[in-house]
Amino acid sequence: MVLDCIRRTTVGISRVEIAGLTGLSEQTVSNLTRRLLDEGLVVELGREVNGPGKPRTMLGLNSEGMFSIGIHLDPVSVAVLMVNLAGEVVERTTVVLEDDADPACVLDGIVTAVERVTAGHPAALGRMMGVGVGVPGPIDVARGVMINPPLLQTWRDVPIATLLRSRLGLPVCVEKDLIAAAAGEAWLRQGSTAPDFLYVYLGAGLGFGLVHDGAVQHGVSHNFGEVNMFIVQTSQPTLSCCVVPGSFAHRISPRHLIHAAAEVGALDPAEVESAKNSPTGRDALVAVLAQQARDGDAASARVLDALADDLAAGLAPLTDLLDVNEVVIGGHSWARYADLVQSPMARRLGERAVLRTARPVHVQSSRAMHEAIAIGAATMVLDERVSPDARGLSGRRP
């Protein structure tokens with residue numbers, strides 16, 4: 001609790017203030033902060049005069065006190081990064097995947113990438129808390145197994161936690177990618193006045209996470225946020241390439257986007273056909289489409305305008321259902337076209353939401369954009385060590 005109080009302030013906090021926030025006695029706080037100082041997790045920032053009496057010694061987080069590794073396994077690429085106790089990225093690297101990459105080869109690449117990001121930081125290895133992996137669901141979080149991710153057909157029943165633990169010699173935890181992304185965004189928003197938000201990830205697939213009262217929601221099986229069968233109705237026609245007509249996930253997917261672009265002449269149909277089974281190829285064509293819209297191509301702009309409408313139609317009922325007033329969007333697809341889609345989508349979302357008369361809904365881009373899942377996976381490892389668990393304090397934790 002004491003360490004959590006210290007890490008949540010950006011300007012430092014005194015022992016007296018910690019005692020007031022936690023309800024602990026000043027002597028207990030003094031004893032605990034001495035331990036934290038000895039362990040190198042906290043530093044003294046100097047003295048500050050705050051009203052009458054002796055100046056108070058301010059305490060702050062030692063960002064070099066702990067480190068962790070975050071991994072995001074995506075159908076297009078694997079992001080691997082190392083973060084410190086403040087959630088700051090110290091090193092990062094990316095492994096680009098071939099289509100239908102074999103799990104054994106990908107795991108070899110992940111191990112090499114972890115060695116690469118830690119190579120220049122020997123002191124961090126002694127303070128390395130573990131590895132967090134954000135993967136597409138469904139997952140069995142207790143066993144660390146990827147069950148049957150729809151966009152990674154060769155990764156069924158892969159015990160990724162056990163495999164990485166044996167190769168890296170570090171504790172490994174596996175979390176669903178969207179839950180990890182929400183956790184990363186929440187970590188980066190410490191001190192924010194908006195502790196509730198819906199996190200939407202737009203990459204090779206779609207999913208969302210939810211932070212309520214500052215806590216990330218996991219669901220009974222740690223598979224919160226699946227919306228693949230969620231149906232939306234818009235003014236835009238449904239193309240034949242949609243597997244489930246009107247499905248939210250398919251309407252905003254890169255596959256649907258590039259097929260829509262081909263049908264209106266914004267992209268070459270032959271290039272779209274050649275990329276239809278390649279997540280990397282589809283991502284590249286989405287980037288081309290967005291750049292054409294920026295350059296003034298009317299057909300490309302119409303496709304992205306339809307995307308804004310589809311996003312608004314899908315997110316409006318979700319914001320109503322969950323009663324949130326903030327939507328945070330990230331992911332590598334969103335990074336391709338956020339500057340073109342965010343404003344019209346936010347306006348239409350505000351027009352569609354039933355609860356628009358009760359509160360406005362604000363839309364913003366993720367603070368970590370395409371790295372949110374990897375950062376979140378890493379910070380969840382740190383969270384296990386430095387954040388109090390209210391369930392444990394109340395005796396409800398199993």
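Residues in residues 330-347 take part in these salt bridge (Lys or Arg N to Asp or Glu O under 4.0 Å) pairs, two or more places apart or across chains: D283-R336, R294-D339. For the salt bridge (Lys or Arg N to Asp or Glu O under 4.0 Å) condition, the pairs that include at least one residue of residues 78-94, sequence neighbours left out, are R92-E371. The salt bridge (Lys or Arg N to Asp or Glu O under 4.0 Å) contacts involving residues 206-215 comprise nothing, where partners must be two or more places apart or lie in separate chains. Listed by first and then second residue, the salt bridge (Lys or Arg N to Asp or Glu O under 4.0 Å) pairs that reach into residues 106-121 are D108-R167, sequence neighbours excluded.
Side-chain contact between L81 and I375: present, with at least one pair of heavy atoms (C-beta onward) separated by less than 4.5 Å. Counting only heavy atoms from C-beta outward, the side chains of L164 and L107 approach each other to under 4.5 Å. Between L24 and L32 there is a side-chain heavy-atom pair separated by less than 4.5 Å. Counting heavy atoms from C-beta on, the side chains of T118 and L125 come closer than 4.5 Å. Taking the side chain as every heavy atom from C-beta outward, Y337 and L307 approach each other to under 4.5 Å. Inter-residue side-chain proximity for L315 and V363 is flagged as unmet; no heavy-atom pair is nearer than 4.5 Å. Considering only heavy atoms from C-beta on, V111 comes within 4.5 Å of L168 through its side chain.
The backbone N or O of A316 lies less than 3.5 Å from a partner atom in the side chain of T319, making a donor-acceptor pair. Without hydrogens or angle criteria, Q342 side chain to L340 main chain gives no donor-acceptor distance under 3.5 Å. R255 places a side-chain N or O within 3.5 Å of a backbone atom of K276 that can act as its donor or acceptor partner. With hydrogens and angles disregarded, a donor-acceptor distance shorter than 3.5 Å links the side chain of S253 to the backbone of H250.
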Solution key, residues 67-74 side-chain donor-acceptor pairs under 3.5 Å, sequence neighbours excluded:
unit_1: S68; atom_1: OG; unit_2: A378; atom_2: O; d: 2.8
unit_1: D74; atom_1: OD2; unit_2: V76; atom_2: N; d: 2.8
unit_1: D74; atom_1: OD2; unit_2: H332; atom_2: NE2; d: 3.4

Show me the donor-acceptor pairs within less than 3.5 Å that the side chains of residues 133-144 make with the rest of the protein, sequence neighbours left out.
unit_1: D140; atom_1: OD1; unit_2: A142; atom_2: N; d: 3.3
unit_1: D140; atom_1: OD1; unit_2: R143; atom_2: N; d: 3.2
unit_1: D140; atom_1: OD2; unit_2: R143; atom_2: NE; d: 2.8
unit_1: D140; atom_1: OD2; unit_2: R143; atom_2: NH2; d: 3.3

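Applying the side-chain contact (heavy atoms from CB on, under 4.5 Å) rule to A312 yields the partners M345, R348, L349, R352; only residues at least two apart in sequence or on another chain are considered. Scored by the ring pair (Phe, Tyr, Trp, His ring centres under 6.0 Å) test, H362 finds no partners at all (sequence neighbours excluded). Considering only residues two or more places apart in sequence or on other chains, L322 meets the side-chain contact (heavy atoms from CB on, under 4.5 Å) condition with L198, F208, L210, V324. Applying the side chain to side chain donor-acceptor pair (under 3.5 Å) criterion to S77, with sequence neighbours excluded, gives no partner residue. Every side chain to side chain donor-acceptor pair (under 3.5 Å) that D323 has, sequence neighbours left out, goes to R359.
V145 and I110 are not part of a single hydrophobic cluster, where members link through side-chain heavy atoms under 4.5 Å apart. Follow the hydrophobic side-chain contacts under 4.5 Å out from L37 and you reach L41 in the same cluster. Criterion: ILVMFWY side-chain heavy atoms under 4.5 Å apart, direct or through other members. Under it, V264 and V341 are part of a common hydrophobic cluster.
The CZ atom of R165 lies 9.5 Å from the SG atom of C173; values are rounded to the nearest 0.5 Å. One distance of note links CG of N31 with CG of L36; it measures 11.0 Å at 0.5 Å rounding. Rounded to the nearest 0.5 Å, atoms CZ (R15) and SG (C5) are 13.5 Å apart. Taking CG of L178 as the start and CZ of F224 as the end, the distance is 10.0 Å to the nearest 0.5 Å. The distance from the CD atom of E273 to the CG atom of D268 is 11.0 Å, given to the nearest 0.5 Å. Between the CD1 atom of I147 and the CG atom of N223 there is a distance of 6.5 Å, given to the nearest 0.5 Å.
Of all the heavy atoms in T93 and A113, the pair that sits closest is CG2-CB, 3.6 Å. In terms of heavy atoms, L285 sits closest to A275 at CD1-CB, 3.8 Å. Summarising the geometry of N62 relative to G40, their closest heavy-atom pair is ND2-O, 2.6 Å, with the distance given to 0.1 Å. Across Y201 and G331, no two heavy atoms sit closer than the pair CE1-CA, 3.2 Å. Considering all non-hydrogen atoms of both residues, V211 and A182 come closest at CG2-O, 3.8 Å. Of all non-hydrogen atoms in L152 and M146, the two that sit nearest each other are CD1-CE, 4.1 Å.
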(request) Output, in order, the C-alpha distance, side-chain angles, deciding distance and verdict of side-chain contact (heavy atoms from CB on, under 4.5 Å) for V381 and V131. (result) CA-CA 7 Å; V381 173; V131 178; 5.9 Å; no
(request) Could you walk me through whether V95 and V106 pass side-chain contact (heavy atoms from CB on, under 4.5 Å), step by step? (result) CA-CA 8 Å; V95 180; V106 175; over 6 Å; no
(message) Using side-chain contact (heavy atoms from CB on, under 4.5 Å), reason through I329 and L311 one step at a time and then give a plain yes or no.
(response) CA-CA 11 Å; I329 310 180; L311 278 169; 5.5 Å; no
(request) Could you check V42 against L3 for side-chain contact (heavy atoms from CB on, under 4.5 Å), going step by step and ending with a plain yes or no? (result) CA-CA 8 Å; V42 169; L3 182 57; 3.9 Å; yes
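Under the 30°/60° scheme for interplanar angles, the aromatic rings of H218 and H222 are found to be tilted.
In the hydrophobic clustering, where aliphatic and aromatic side chains (Ile, Leu, Val, Met, Phe, Trp, Tyr) are joined below 4.5 Å either directly or transitively, L45 groups with V43, M58.
A salt bridge does not link R127 with E39: every distance from a Lys NZ or Arg NE/NH1/NH2 to an Asp or Glu carboxylate oxygen is 4.0 Å or more.
E185 and S366 are linked by a side-chain donor-acceptor pair at a separation below 3.5 angstrom, with hydrogens and angles left out of the test.
Under the side chain to side chain contact (heavy atoms under 4.5 Å, CB included) test applied with I18, the options T9, I6, T28 reduce to a single match, I6.
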